**Student:** 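One structure follows; several queries about it will come next.
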Amino acid sequence: MEKSKPIEVTNFIEAEINKDILEGKVKGFVQTRQPPEPSGYMHIGHVRNIVLNYGTAKKYGGVCNLRYDDTNPEKESQEFVDAIQEDVKWLGYNWGNIYYATDYFEQNYQIAVKLIKEGKAYVDDLSAEEVSAYRGTLTTPGKNSPYRDRSVEENLDLFERMKNGEFKQGERCLRAKIDMAHPNINMRDPVIYRIQYLHHQRIGDKWKIYPSYDFSHPLDDCIEGVTHSLCGPEFEDHRPLYNWVVENSGLTNHSRQIEYANLYIKGVILGKRFIKKLVNEGKVSGFDDPRLYTIRGLRRRGILPQSLIDFVYAAGISKAVSVIDPAMLDYFVRNTLNDCSKRVMVVTDPIKLVINNLADDEEIEISLADYPQKEETSKRKYYFGKNLYIERSDFEITPPPKYRRLFVGNEVRLNGAFIVKCTGYDLDDSGNVATVYADYDPETKSGSNCTKKVKGTIHWINQNHAKQVEVRLFENLTLPKEDNAAGGKEQTAADDEFNPNSLTILNNCYAEDDVEFNYTDRYQFLRTGYFCLDKDSTADKLVFNRTVSLKDSYKPNTIN
RNA sequence: UGGGGUGUCGCCAAGCGGUAAGGCACAAGACUUUGACUCUUGCAUUCGUAGGUUCAAAUCCUGCCACCCCAGCCA
């Protein structure tokens with residue numbers, strides 16, 4: 001086995017790993033693991049865990065295995081087991097092997113027996129409430145359980161009978177004998193095995209006793225050969241216990257736990273229970289609702305894996321609580337999409353534009369690049385005609401300062417076609433602009449030698465070639481304050497008022513009728529944003545999700 | 001009032017005793033058949049705070065302050 005070489009440091013975790021390599025604590029390669037509990041759908045916060053675990057292992061030439069922390073059947077199900085694998089694959093990461101904490105139950109059990117024999121664990125008859133009461137408080141020490149000093153023989157017998165299912169759930173548990181007066185509550189004789197009769201999605205009813213996380217996790221890490229066990233900040237004060245288990249396990253591989261901060265995004269709901277609440281209450285259509293920041297929600301929204309990975313790397317990692325500005329995610333989403341999106345014209349809020357100096361049946365063929373951002377691109381034909389649709393926001397009766405688009409007397413380019421000069425407009429019964437009139441200049445066809453310059457370019461659709469589509473816009477879904485008052489971190493992630501208008505459906509949108517759209521492509525609707533086809537689309541009607549809007553530097557309100 | 005963490009630009013984040021990287025955001029300008037993209041420029045005399053050590057401190061020491069996590073037979 002080749003000795004790993006230290007690698008250039010890019011974050012504090014790699015700095016720690018380098019140190020371990022230099023000090024010879026890590027021989028061979030670095031091994032990590034992704035240890036999800038299959039009790040929910042993964043969200044953007046998990047992307048960092050995935051990138052970190054798989055990325056770090058890869059960087060050091062090691063492996064990262066997927067291990068389900070499936071030691072609590074009460075919360076877990078096969079649905080989540082499957083979803084996790086799908087989501088990891090979608091992100092483009094590959095695990096070395098798939099393991100389950102339940103795979104190690106026999107080994108865990110043997111080590112528990114060993115601890116009992118060494119007098120380091122005992123069976124406690126106290127009820128859960130009593131255990132809690134005996135534990136003391138944050139500021140006062142706990143006191144020993146009256147069962148703490150049972151003989152090894154009695155403990156062995158009782159533990160065996162727990163395993164055989166002779167006791168009721170909650171009647172007894174196995175505890176590590178550490179120190180009931182320890183200032184760190186996790187060290188006050190933690191429960192390492194409890195009786196559990198629920199049917200397990202994977203191992204059925206085989207086991208009546210289940211190891212707790214604090215016992216199984218360090219053991220499983222060591223058994224698998226994990227060198228660095230990366231986890232969330234909430235386990236920081238479990239580290240002494242993690243090390244206690246490792247050192248008393250008798251296992252030769254000693255894994256090291258390193259904690260890092262969770263990733264939160266301002267205004268985004270990430271807590272499992274909050275996401276479930278939104279789904280259960282029907283506030284969203286499911287775990288893949290595009291308003292959710294679950295991995296599949298993001299996917300349905302049209303976000304590509306690369307954006308997420310770039311975002312996570314750019315956000316960096318530390319141990320400080322961080323709440324990232326969503327604008328940063330948007331940037332990386334646009335950045336990826338900009339390179340690969342097909343440019344199409346779609347009018348999302350139409351008003352009519354009539355070209356005065358064109359006959360009703362007259363059409364002029366023009367050509368537009370599908371991927372103008374690329375050197376080589378396919379092109380397609382559009383037909384410029386008399387009756388067009390343009391975006392309502394591209395015309396103003398009284399233009400605000402620095403407005404470059406249409407108003408009476410102003411000239412603007414119709415994308416890919418001609419420069420037109422606005423001559424007038426009509427209002428409808430309710431006083432809104434219905435139709436705008438303009439003259440086109442035949443000498444100004446795009447791509448010709450036309451030297452005339454104009455400040456604004458707008459998109460359009462020929463009414464004779466238009467097909468109606470639906471466009472869905474999403475905003476961050478936030479919970480009302482009273483609902484997220486529970487956890488500080490949830491509050492940090494979603495501390496705004498509930499936003500009932502998080503979904504806007506635009507029914508009256510127009511696209512060119514013979515543009516072919518498909519599910520795998522991404523589209524930039526000129527000057528409005530990036531979109532993708534939603535699964536709700538039918539043969540009769542295409543439904544688009546807005547992945548992210550285009551950045552718009554026009555801010556009339558800031559003009560003095 | 002116990003223990004464990006964290007505090008560097010609006011938001012992330014490097015830095016680890018030698019005189020404040022980078023990204024997002026923002027601002028100005030160039031370019032432009034997308035006010036997008038791209039490009040150029042600007043953006044912390046200061047590192048929670050008060051002292052101390054030193055020729056020299058964000059980096060070392062001390063005291064404060066603020067925020068986060070922990071009292072499941074959850075993970």
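A quick note: this is a predicted structure, and the numbers were derived from the prediction, not measured. All values below come from the heavy atoms of this structure, side chains included, with hydrogens, waters and symmetry mates left out. In what follows, chains are A, B, ... by sequence order, proteins preceding strands, each numbered from 1.
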**Student:** Can you tell me, in whole Å, how much space there is between the P of U38(B) and that of U34(B)?
**Tutor:** 15 Å
**Student:** Does the structure place the NZ or CZ of Arg546(A) under 6.0 Å from the centre of the six-membered ring of Phe544(A), at an angle of no more than 45° from the ring's axis?
**Tutor:** no
**Student:** Out of curiosity, Arg188(A) CZ to Ile185(A) CD1, how far, rounded to the nearest 0.5 Å?
**Tutor:**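 Answer rounded to 0.5 Å: 4.5 Å.
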**Student:** Answer with base, sugar-phosphate or nothing: what part of the nucleic acid does Leu126(A) contact at a heavy-atom distance below 4.0 Å?
**Tutor:** base
**Student:** Looking at Ser318(A), I'd like to know whether one of its side-chain N or O atoms comes within less than 4.0 Å of OP1 or OP2 on A13(B).
**Tutor:**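 For A13(B), OP1/OP2 do have a side-chain N/O of Ser318(A) under 4.0 Å.
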**Student:** Which one, U32(B), U6(B), U34(B), comes nearest to the side chain of Ala320(A)?
**Tutor:** U6(B)
**Student:** For Lys120(A), I'd like to know if atom NZ has over 12 heavy atoms of other residues, nucleotides or ligands within 6.0 Å.
**Tutor:**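 Yes, enclosed.
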**Student:** Please walk me through it: do Asp521(A) and Lys342(A) pass salt bridge (Lys or Arg N to Asp or Glu O under 4.0 Å)?
**Tutor:** CA-CA 7 Å; Asp521(A) 280 347; Lys342(A) 188 171 184 173; 5.3 Å; no
**Student:** Taking donor-acceptor contacts at under 3.5 Å, does the side chain of Arg413(A) reach the base of U33(B)?
**Tutor:**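 In this structure, the two groups form no donor-acceptor pair.
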**Student:** Run the ring-centre check on Tyr193(A) versus Tyr210(A) and record whether the distance is less than 6.0 Å.
**Tutor:** no
**Student:** Could you measure between the two C1' atoms, the one in C43(B) and the one in U49(B), and give it in whole Å?
**Tutor:**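 26 Å, rounded to whole Å.
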**Student:** Quick one: which of U32(B), A13(B), C74(B) gets closest to the side chain of Asn72(A)?
**Tutor:** C74(B)
**Student:** C1' atom, C39(B) versus A50(B): distance in rounded Å?
**Tutor:** 47 Å
**Student:** NA contact type, Arg175(A), heavy-atom cut-off 4.0 Å: base, sugar-phosphate, or nothing?
**Tutor:**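 Nothing, no heavy atom under 4.0 Å.
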**Student:** Excluding sequence neighbours, so at least two apart, what forms ring pair (Phe, Tyr, Trp, His ring centres under 6.0 Å) with Phe167(A)?
**Tutor:** none
**Student:** Is there a side-chain polar atom (N or O) of Ser132(A) under 4.0 Å from OP1 or OP2 of G72(B)?
**Tutor:** yes
**Student:** When you compare U32(B) with A36(B), how far apart are their P atoms, in angstrom units rounded to a whole number?
**Tutor:** 13 Å
**Student:** Provide, to the nearest angstrom, the distance between the OH atom belonging to Tyr371(A) and the C1' atom belonging to U34(B).
**Tutor:** 16 Å
**Student:** Within this structure, what is the CG-to-C1' distance between Asn338(A) and U32(B), rounded to whole angstrom?
**Tutor:**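 Those two atoms, CG and C1', are 14 Å apart.
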**Student:** Quick check on RNA chain B: between Lys75(A) and Ile324(A), whose nearest nucleotide comes earlier from the 5' end?
**Tutor:** Ile324(A)
**Student:** What is the distance, to the nearest angstrom, from the CG atom on Asn186(A) to the P atom on G5(B)?
**Tutor:**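 Whole-Å distance recorded here is 13 Å.
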**Student:** Please list, chain by chain and in numerical order, all residues satisfying salt bridge (Lys or Arg N to Asp or Glu O under 4.0 Å) with Lys455(A), sequence neighbours excluded.
**Tutor:** none
**Student:** What is the nucleic acid contact for Gln524(A), judged by heavy atoms within less than 4.0 Å: base, sugar-phosphate only, or nothing?
**Tutor:**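 Answer is base: heavy atoms of Gln524(A) come under 4.0 Å of a base.
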**Student:** Regarding Thr528(A), tell me which of base, sugar-phosphate or nothing describes its non-hydrogen contacts under 4.0 Å with the strands shown.
**Tutor:** nothing
**Student:** Could you measure between the two C1' atoms, the one in A30(B) and the one in A66(B), and give it in whole Å?
**Tutor:**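 Approximately 45 Å lies between the C1' atom of A30(B) and that of A66(B).
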**Student:** Does Tyr403(A) reach a base, just sugar-phosphate, or nothing at all? Heavy atoms under 4.0 Å.
**Tutor:** base
**Student:** Could you go through nucleotides 21-25 of chain B and list every protein N or O atom that sits under 3.5 Å from one of its N or O atoms, giving the distance for each pair?
**Tutor:**
residue, atom, partner, partner atom, Å
C24(B), OP1, Tyr331(A), OH, 3.1
C24(B), O2', Met328(A), N, 3.2

**Student:** Rounded to whole angstrom units, what separation is found between the CZ atom of Arg527(A) and the P atom of C37(B)?
**Tutor:** 13 Å
**Student:** Is any side-chain N or O of Thr71(A) closer than 4.0 Å to OP1 or OP2 of A75(B)?
**Tutor:** yes
**Student:** Nearest whole Å is fine: how far is G35(B) P from Lys402(A) NZ?
**Tutor:**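 After rounding, the reported distance stands at 15 Å.
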**Student:** If we only count heavy atoms from C-beta on, is the Arg150(A) to Asp125(A) side-chain gap below 4.5 Å?
**Tutor:** yes
**Student:** Looking for any heavy atom pair under 4.0 Å, which part of the strands does Arg135(A) touch: base, sugar-phosphate only, or nothing?
**Tutor:** sugar-phosphate
**Student:** Pick out the pairs of N or O atoms, protein on one side and nucleotides 2-4 of chain B on the other, that lie under 3.5 Å.
**Tutor:**
residue, atom, partner, partner atom, Å
G2(B), N9, Leu138(A), O, 3.2
G2(B), N3, Leu138(A), O, 3.0
G3(B), N2, Asp237(A), OD2, 2.8

**Student:** Please give the distance between the P atoms of G10(B) and A44(B) as a whole number of Å.
**Tutor:** 11 Å
**Student:** The criterion is side-chain hydrogen bond (donor to acceptor under 3.5 Å, both in side chains); which residues satisfy it with Tyr99(A), sequence neighbours excluded?
**Tutor:** Asn97(A)
**Student:** Using centres under 5.5 Å plus planes under 30 degrees as the test, is Tyr554(A) stacked with G35(B)?
**Tutor:** yes
**Student:** Does the side chain of Asn72(A) reach to within under 4.5 Å of the side chain of Arg194(A), using non-hydrogen atoms?
**Tutor:** yes
**Student:** When you get a sec, tell me which of A36(B), U32(B), C73(B) is the closest nucleotide to the side chain of Ser553(A)?
**Tutor:** A36(B)
**Student:** Of all the base pairs, Watson-Crick or G-U under 3.5 Å, which form stems of three or more consecutive pairs involving RNA chain B?
**Tutor:** B:2-7 with B:65-70, B:10-12 with B:22-24, B:26-30 with B:38-42, B:48-52 with B:60-64
**Student:** Describe the nucleic acid contact of Gly232(A) in one word from base, sugar-phosphate, nothing, applying a heavy-atom distance below 4.0 Å.
**Tutor:** nothing
**Student:** Tell me what Thr137(A) touches on the nucleic acid: a base, only sugar-phosphate, or nothing, going by heavy atoms under 4.0 Å.
**Tutor:**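 Counting heavy atoms under 4.0 Å across all strands, the contact made by Thr137(A) includes a base.
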**Student:** Whole angstroms only, please: what is the CZ-P distance between Arg405(A) and U32(B)?
**Tutor:** 20 Å
**Student:** Using a 4.0 Å heavy-atom cut-off across all strands, classify Ser127(A) as base, sugar-phosphate, or nothing.
**Tutor:**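 Here Ser127(A) touches the bases of the nucleic acid.
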**Student:** Give a yes or no on whether the backbone of Ala261(A) and the side-chain of Arg48(A) come within a donor-acceptor separation of less than 3.5 Å.
**Tutor:** yes
**Student:** Checking Tyr109(A) against Glu160(A): is there a side-chain donor and acceptor pair closer than 3.5 Å?
**Tutor:**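 Side-chain D/A pair, Glu160(A) to Tyr109(A): present.
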**Student:** Distance between the C1' atoms of A25(B) and G42(B), in whole angstroms?
**Tutor:**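 14 Å, rounded to whole Å.
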**Student:** Say we look at G51(B) and C12(B): how far apart would their C1' atoms be, to the nearest angstrom?
**Tutor:**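 Taking atom C1' in both G51(B) and C12(B), they lie 31 Å apart.
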**Student:** Among U34(B), A71(B), U6(B), which nucleotide has an atom closest to any side-chain atom of Leu550(A)?
**Tutor:**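 Within the option list, the nearest is U34(B).
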**Student:** Taking syn as within 90° of 0 and anti otherwise, name the glycosidic form of G35(B).
**Tutor:**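 Base orientation: anti.
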**Student:** Would you indicate, yes or no, if A75(B) has its OP1 or OP2 atom less than 4.0 angstrom from a side-chain nitrogen or oxygen of Arg273(A)?
**Tutor:** no
**Student:** Which heavy atom of Lys168(A) sits nearest a heavy atom of Ile195(A), and at what distance?
**Tutor:**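 What the structure gives for the nearest pair is O-CD1, 3.5 Å.
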**Student:** Rounded to the nearest Å, what distance is computed from the CD atom of residue Glu130(A) to the C1' atom of nucleotide A71(B)?
**Tutor:**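 Atom CD in Glu130(A) sits about 16 Å away from atom C1' in A71(B).
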**Student:** How long is the line joining CG of Leu368(A) and P of U34(B), in whole Å?
**Tutor:** 11 Å
**Student:** State whether Tyr100(A) and Arg202(A) meet the cation-pi test: NZ (Lys) or CZ (Arg) under 6.0 Å from the six-membered ring centroid, and within 45° of the perpendicular axis.
**Tutor:**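 Satisfied, under 6.0 Å and within 45°.
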**Student:** Would you name the heavy atoms of Tyr197(A) and Asp205(A) that are closest together and state the gap between them?
**Tutor:** O-OD1, 4.5 Å
